[in-house]
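Atom set for the values below is all heavy atoms of this structure, side chains included, hydrogens, waters and symmetry mates excluded. The structure presented is a predicted model; accordingly, all values stated were derived computationally and were not measured.
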Amino acid sequence: MKPNPFFLLSLRSIHLKPHSTPLSYPLMAQTPMQTNDVNPLAEHDNNLRSNQEVKEQNDLLLSCVDYPSRALTGESRLEYAWTYWTKLGRPKFIVAPMVDNSELPFRLLCRKYGASAAYTPMLHSRIFTETEKYRKEEFTTCKEDRPLFVQFCANDPDVLLEAARRVEPYCDYVDINLGCPQRIARRGNYGAFLMDNLPLVKSLVEKLALNLKVPVSCKIRLFPKLEDTLKYARMLEEAGCLLLAVHGRTREEKDGKKFRADWKAIRAVKDAVRIPVLANGNIRHMDDVKECLEETGVEGVLSAETLLENPALFAGFRTAEWVSESERAGVDGNLDQADLLVEYLKLCEKYPVPWRMIRSHVHKLLGDWFSLQPHLREELNKQSKLTFEFLYDMVDRLRGTGTRIPLYLKDTPSQRTNDCCSNLI
């Protein structure tokens, strides 16, 4: 029987040497910031503090602008978490991190169709620090690609920091992957398998929080016991995590179609911490987005698998699978997955990525189309080397067969333009 990781943390944390001693910082408001219109250098009550004290505190604030997490503690760090989130526009609709699938061209496609923030694919921190080719191929961005979370897997705080420093000028959060449940994560000792070593998790978060200019975020899964999940979330917050994304499944619940995400558990995490929280799981269309935001109370939702088949999800489009019979009449959105694939390919021509990523997206976007024209799938699979010319021609031949599988809208396009998600903003 494995020992409780929280018991290990309580025993071992007294032996952990702090990476540095945080500077003191004056306490600020007790509730999260709701607006940007707050001056952190506002005058304090002179009946309580001398002018000299105020000057010293303001000087400290100014000196910590570039490295806020180093100086912020307690309430002021929470205040900064909300101020920063507000400055980014409080994005609600977010592209989740997906290995080989949430690369720049796909992120930009999703942003065009309603996504307001995005994660990179998970990057391996050690390989990222050691291999220039890996860095150039696996991490690309541009000025339109913001807000952006850059996600790393890691099990060494120093290596993680080295990797994070390479990307911090180009992103809004450096994210630590604490949720990957796959075998490769078990073998590599990262992702959700660090849930068995909480002192290490704590040291990873602290290392980044005390040394980066951008905030640290974490993406986690649930423990089997809700109480352990809440302790975990609070520990991450105390270590310096300023945003938490919660996948509402446990490490063992890998199959998203078999296991429903536990929104009630995500709600409990939201209530247990005071930093912004995002929800991941069960997002198939915009009705799910609305229900998730209402049920969990989170700041935003992440989608992964559904976006791969329908990158226009956040613009209100849905695949036929999620359209009821009563909605079918008059809801063709005048958009289909072949249209989206062509847009994606054009983005890939502008922002090159490895062909394995492109091949994966072709199969995801045209999977239903290939089921009707399997000979075209076979031709694709025979191509050891792909070209854009071949892929554009393949789309033309698909359309030439008369095959079309539209994406649907609940309302007419004009109604969607005026009304879609207005109650969520």
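- Side chains of Leu222 and Glu253 form no contact here, defined as non-hydrogen atoms less than 4.5 Å apart.
- By the 30° and 60° cut-offs, the orientation of the rings of Phe128 relative to Phe139 is perpendicular.
- Partner Glu299 forms a side chain to side chain donor-acceptor pair (under 3.5 Å) with one of Lys270, Lys92, Arg90 and no other, that one being Lys270.
- The CG atom of Leu123 sits 7.0 Å away from atom CD of Glu138, with the distance rounded to the nearest 0.5 Å.
- Contact of the Leu380 side chain with the Leu391 side chain is registered, since non-hydrogen atoms from C-beta on lie closer than 4.5 Å.
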Show me the side-chain donor-acceptor pairs of residues 234-241 shorter than 3.5 Å, one per line, residues at least two apart or across chains.
unit_1	atom_1	unit_2	atom_2	d
Glu237	OE2	Arg274	N	2.6
Glu237	OE2	Ile275	N	3.3

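- For the pair His124 and Tyr134, the minimum side-chain heavy-atom distance is below 4.5 Å.
- The stretch residues 192-222 participates, sequence neighbours left out, in no ring pair (Phe, Tyr, Trp, His ring centres under 6.0 Å) pair at all.
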Next on the checklist: Evaluate Asp100 against Arg356 for side chain to side chain contact (heavy atoms under 4.5 Å, CB included), listing each step before the verdict.
Outcome noted: CA-CA 8 Å; Asp100 280 355; Arg356 72 177 189 279; 3.0 Å; yes
Item to check | Intermediate values then yes/no, side chain to side chain contact (heavy atoms under 4.5 Å, CB included), Cys142 and Leu104 | outcome: CA-CA 8 Å; Cys142 63; Leu104 176 60; 4.0 Å; yes
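- Using a 4.5 Å heavy-atom threshold, the side chains of Leu345 and Leu341 count as touching.
- Arg318 contributes no side-chain N or O that, together with a main-chain N or O of Leu407, makes up a donor-acceptor pair within less than 3.5 Å.
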Next on the checklist: Applying salt bridge (Lys or Arg N to Asp or Glu O under 4.0 Å) to Lys364 and Glu305, what does each step give before you reach the verdict?
Outcome noted: CA-CA 9 Å; Lys364 287 288 187 178; Glu305 290 295 325; 3.4 Å; yes
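- Across every non-hydrogen atom of Val150 and Phe152, the tightest pair is CG1-CE1, 3.8 Å.
- The side-chain heavy atoms of Pro91 and Trp85, taken from C-beta on, include a pair separated by under 4.5 Å.
- Contact check for Lys231 versus Leu198: no side-chain heavy atoms found under the 4.5 Å cut-off.
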Item to check | Step-by-step side-chain hydrogen bond (donor to acceptor under 3.5 Å, both in side chains) determination, Asp156 to Ser125 | outcome: CA-CA 9 Å; Asp156 183 310; Ser125 58; over 6 Å; no
Next on the checklist: His285 vs Asn310, test: side-chain hydrogen bond (donor to acceptor under 3.5 Å, both in side chains). Steps then yes/no.
Outcome noted: CA-CA 9 Å; His285 44 69; Asn310 175 21; over 6 Å; no
Next on the checklist: Assess the residue pair Asp145 and Arg107 against the criterion (salt bridge (Lys or Arg N to Asp or Glu O under 4.0 Å)); give the C-alpha distance rounded to whole Å, side-chain angles, the decisive distance to 0.1 Å, and a yes or no.
Outcome noted: CA-CA 7 Å; Asp145 190 30; Arg107 295 196 300 268; 2.7 Å; yes
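- Between Phe149 and Tyr119, the two ring planes are parallel [angle under 30°; tilted spans 30° to 60°].
- The shortest heavy-atom contact between Phe314 and Val289 is CE2-CG2, 4.1 Å.
- Evaluated for a side-chain contact (heavy atoms from CB on, under 4.5 Å) with Leu278, the options Leu243, Val301, Val246, Leu244 yield exactly one hit, Leu243.
- Without hydrogens or angle criteria, Thr120 side chain to Gln151 main chain gives a donor-acceptor distance under 3.5 Å.
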Next on the checklist: With side chain to side chain contact (heavy atoms under 4.5 Å, CB included) as the criterion, how do Leu313 and Tyr113 come out once you've worked through the C-alpha distance, each side chain's angles and the decisive distance to 0.1 Å?
Outcome noted: CA-CA 7 Å; Leu313 180 156; Tyr113 289 95; over 6 Å; no
Next on the checklist: Assess the residue pair Phe388 and Trp355 against the criterion (ring pair (Phe, Tyr, Trp, His ring centres under 6.0 Å)); give the C-alpha distance rounded to whole Å, side-chain angles, the decisive distance to 0.1 Å, and a yes or no.
Outcome noted: CA-CA 10 Å; Phe388 288 110; Trp355 281 105; 4.8 Å; yes
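- Residue Pro121 comes nearest to Glu103 through the heavy atom pair CG-N, 3.8 Å, listed as atom of the first residue, atom of the second, then distance.
- Other residues, nucleotides and ligands contribute over 12 non-hydrogen atoms within 6.0 Å of the CD atom of Glu349.
- Closest non-hydrogen pair, Leu409 versus Ala315, comes out as CD2-O, 4.3 Å.
- Counted by atom type alone, Asn282 and Arg249 present one or more donor-acceptor pairs between their side chains at under 3.5 Å.
- Residues Val216 and Val174 are not in side-chain contact: their nearest non-hydrogen atoms beyond the backbone lie 4.5 Å or more apart.
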Checklist entry - Going through the distances and angles, do Lys112 and Glu343 end up as a salt bridge (Lys or Arg N to Asp or Glu O under 4.0 Å)? => result CA-CA 10 Å; Lys112 176 182 177 180; Glu343 290 190 58; 2.5 Å; yes
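- By the 4.5 Å heavy-atom criterion applied to side chains, Asp158 and Lys207 are counted as neighbours.
- Contact detail for Gln383 and Arg359: the closest heavy-atom pair is O-NH2, 2.6 Å.
- The shortest non-hydrogen separation linking Asp336 to Pro406 is CB-CA, 4.1 Å.
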Checklist entry - Where do Phe93 and Cys110 land on the side chain to side chain contact (heavy atoms under 4.5 Å, CB included) test, with the steps shown first? => result CA-CA 10 Å; Phe93 313 135; Cys110 292; over 6 Å; no
